[in-house]
Amino acid sequence: MEYVDAKTILSGWRDSDGDTGGWFGCNYNMNLYRGCCHGCIYCDSRSQCYGIDRFDTVRAKKDALAILERELKSRRRRGMVGIGAMSDSYNPFEKDERLTQGALELLEKYGFGVMIDTKSDLITRDIGLLSAIAEKYAAVVNFTITTADDALCRRIEQRVCPTSARLEAMRKMSGTGISVGVILTPVLPFINDTEENLLAVAHLAAEAGARWVFPWQSFGVTLRQNQRLWYYDRLDEQFPGLRRRYTATYGERYECTVPDNRRLMAVFAEQCRKLGLLWRIEDINAYIRSTLPPSPVQLSLFD
């Protein structure tokens, strides 16, 4: 792991009201690390537009917690802070670095809420902190789960805990005041896009205490710039011959929607209804807003 200089940690304010309410109701975003070593074959953060060179090398931001505390103290509006949009904040180095843990302590101290995207069961270490945040504001955890099959998981998400471990982490969080859900994305054409898999993910998520399973607007994967090259090279390693099927079906297309998308979405939505799961972002955001304090609390510049 390496260290990089940082001037800021917390983004500017974003209003979370409206029909969609942004990404799970977040008002702020922050990334404590750059890069990720999970080795997922499909990661969009490898795209050239994000400007992260040597993406597999994790870099922690110097003085991140001191910078974050200064920024939290200066914010006049509390809100939900999103963590992990560009890189998983529960990478293996977090076990010793504890930047994410320290950030949660600061969010709890200053009365902010949190929304975390992760694929790691290391987050269970911080259940107590997340529950404390939930008591003051709200705590939301999204586990990315793309397949119900651990063997397939190890092929497409190679250096992170398998699906079964993520589901167990969800079970541990259930009933602690933390709102937990699943991000079911990407759905890779010709790999995990079967009806059996999609229905199984929803079923397992419900059993583990998830409140929602979010599949984005459609089932598929986005491919652009150097991310496409990386993905196709991984297909050659894990699924020989599949690259040719992709190029024949999608060419250089950015959005690669699964061929049977419309039917699968209808079947998936019906499964979610039966299981009592939310799957539309507007409904998920409405649920998250219902867990927030009744009115924003204003912070003084001199707090």
Side-chain angles (χ1 to χ4, degrees), residues 19-21 23-24 40-45 47 117-119 142-158 160 162-164 166-167 170 180-224 227-228 231-232 234-235 238-287:
D19 291 337
T20 58
W23 185 251
F24 293 90
C40 303
I41 69 173
Y42 51 73
C43 184
D44 181 66
S45 293
S47 299
D117 293 337
T118 188
K119 291 187 179 88
N142 279 313
F143 285 92
T144 297
I145 294 179
T146 57
T147 174
D149 178 33
D150 277 357
L152 179 58
C153 177
R154 292 187 182 95
R155 296 174 72 185
I156 63 178
E157 298 159 350
Q158 297 176 354
V160 67
T163 295
S164 58
R166 296 174 218 175
L167 291 167
M170 290 177 61
V180 183
V182 166
I183 296 179
L184 176 52
T185 184
V187 176
L188 306 173
F190 321 123
I191 296 177
N192 64 332
D193 61 341
T194 66
E195 178 179 328
E196 178 185 16
N197 179 60
L198 298 173
L199 298 186
V201 169
H203 178 75
L204 291 171
E207 281 191 337
R211 187 69 184 84
W212 59 81
V213 177
F214 177 56
W216 200 234
Q217 290 98 335
S218 60
F219 293 130
V221 63
T222 56
L223 297 176
R224 56 186 166 190
Q227 177 210 359
R228 177 183 287 108
Y231 181 60
Y232 283 172
R234 302 293 84 72
L235 290 185
Q238 296 295 327
F239 307 94
L242 198 52
R243 177 202 287 246
R244 290 192 297 273
R245 192 172 182 185
Y246 266 79
T247 55
T249 305
Y250 302 108
E252 296 295 308
R253 200 179 307 170
Y254 167 60
E255 293 187 7
C256 304
T257 304
V258 302
D260 202 15
N261 177 68
R262 182 172 296 183
R263 185 189 68 82
L264 288 173
M265 285 296 294
V267 171
F268 175 78
E270 181 59 27
Q271 173 80 327
C272 288
R273 289 189 191 97
K274 291 178 179 179
L275 295 169
L277 293 168
L278 304 174
W279 73 95
R280 299 186 304 176
I281 191 62
E282 56 265 35
D283 296 331
I284 297 169
N285 283 335
Y287 171 78

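The model shown is predicted, which means the values in this text are computed figures rather than measured ones.
Judged by distance alone, with hydrogens and angles left aside, the side-chain atoms of Asn261 form a donor-acceptor pair with the main-chain N or O of Phe219 at under 3.5 Å. Here the side chain of Asp150 pairs a donor or acceptor atom with the backbone of Ser164 at under 3.5 angstrom. Checking side-chain atoms of Arg234 against main-chain N and O of Arg155 turns up no donor-acceptor pair under 3.5 Å. In this structure, Tyr250 contributes its side chain and Thr257 its backbone to a donor-acceptor pair below 3.5 Å. Formation of a donor-acceptor pair under 3.5 Å by the Gln238 side chain with backbone atoms of Leu235 is not found in this model.
Using a 4.5 Å heavy-atom cutoff, the side chains of Pro186 and Asp44 are not in contact. When side chains are defined from C-beta on, Thr247 counts as touching Tyr232, because their heavy atoms get closer than 4.5 Å. A heavy-atom distance below 4.5 Å is found between the side chains of Ile145 and Met170. Looking only at side-chain heavy atoms (C-beta outward), Phe143 and Thr118 come within less than 4.5 Å of each other. The shortest distance between side-chain heavy atoms of Leu264 and Leu198 falls below 4.5 Å. Contact annotation: the side chain of Val267 approaches that of Leu199 to within less than 4.5 Å [non-hydrogen atoms, C-beta and beyond]. Taking 4.5 Å as the limit, every side-chain heavy atom of Leu278 sits out of range of all side-chain heavy atoms of Phe214.
Judged by distance alone, the side chains of Asn192 and Thr147 never bring a donor and an acceptor atom under 3.5 Å apart. Under the 3.5 Å distance criterion, with hydrogens and angles disregarded, no donor-acceptor pair is assigned to the side chains of Gln227 and Tyr42.
To the nearest 0.5 angstrom, Ile156 atom CD1 is 7.0 Å from Ile191 atom CD1. We find the CH2-CG distance between Trp216 and Leu184 to be 13.5 Å, quoted to the nearest 0.5 Å. In this structure, His203 NE2 and Lys274 NZ are separated by 12.5 Å, a value rounded to the nearest 0.5 Å. With rounding to the nearest 0.5 Å, the separation of CE in Met265 from CH2 in Trp279 is 9.0 Å. Expressed to the nearest 0.5 Å, how far CD of Glu195 lies from CG of Asp260 amounts to 8.5 Å. Here CD of Glu255 is found 6.5 Å from OG of Ser218. Values are rounded to the nearest 0.5 Å.
Contact record, Ala148 with Leu204: CB-CD1, 3.7 Å, taken as the closest heavy-atom pair. Contact detail for Arg166 and Lys119: the closest heavy-atom pair is NE-O, 3.2 Å. Contact record, Asp193 with Pro259: OD2-CD, 4.2 Å, taken as the closest heavy-atom pair. Of all heavy-atom pairs between Pro162 and Arg154, the closest is CG-NH2, 4.0 Å. The two atoms that bring Ile41 and Leu188 nearest to each other are CD1-CD1, 4.3 Å, heavy atoms only. Of all heavy-atom pairs spanning Leu223 and Cys256, the tightest one is CD1-SG, 3.9 Å.
Between Tyr246 and Tyr231, the ring centre distance stays below 6.0 Å.
No more than 12 heavy atoms of other residues, nucleotides or ligands lie within 6.0 Å of CZ in Arg262, so this atom counts as exposed by the packing criterion.
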*Yes or no on ring-ring contact (aromatic ring centres under 6.0 Å, His included) for Phe190 and Phe239, after CA distance, side-chain angles and deciding distance?*
CA-CA 10 Å; Phe190 321 123; Phe239 307 94; over 10 Å; no
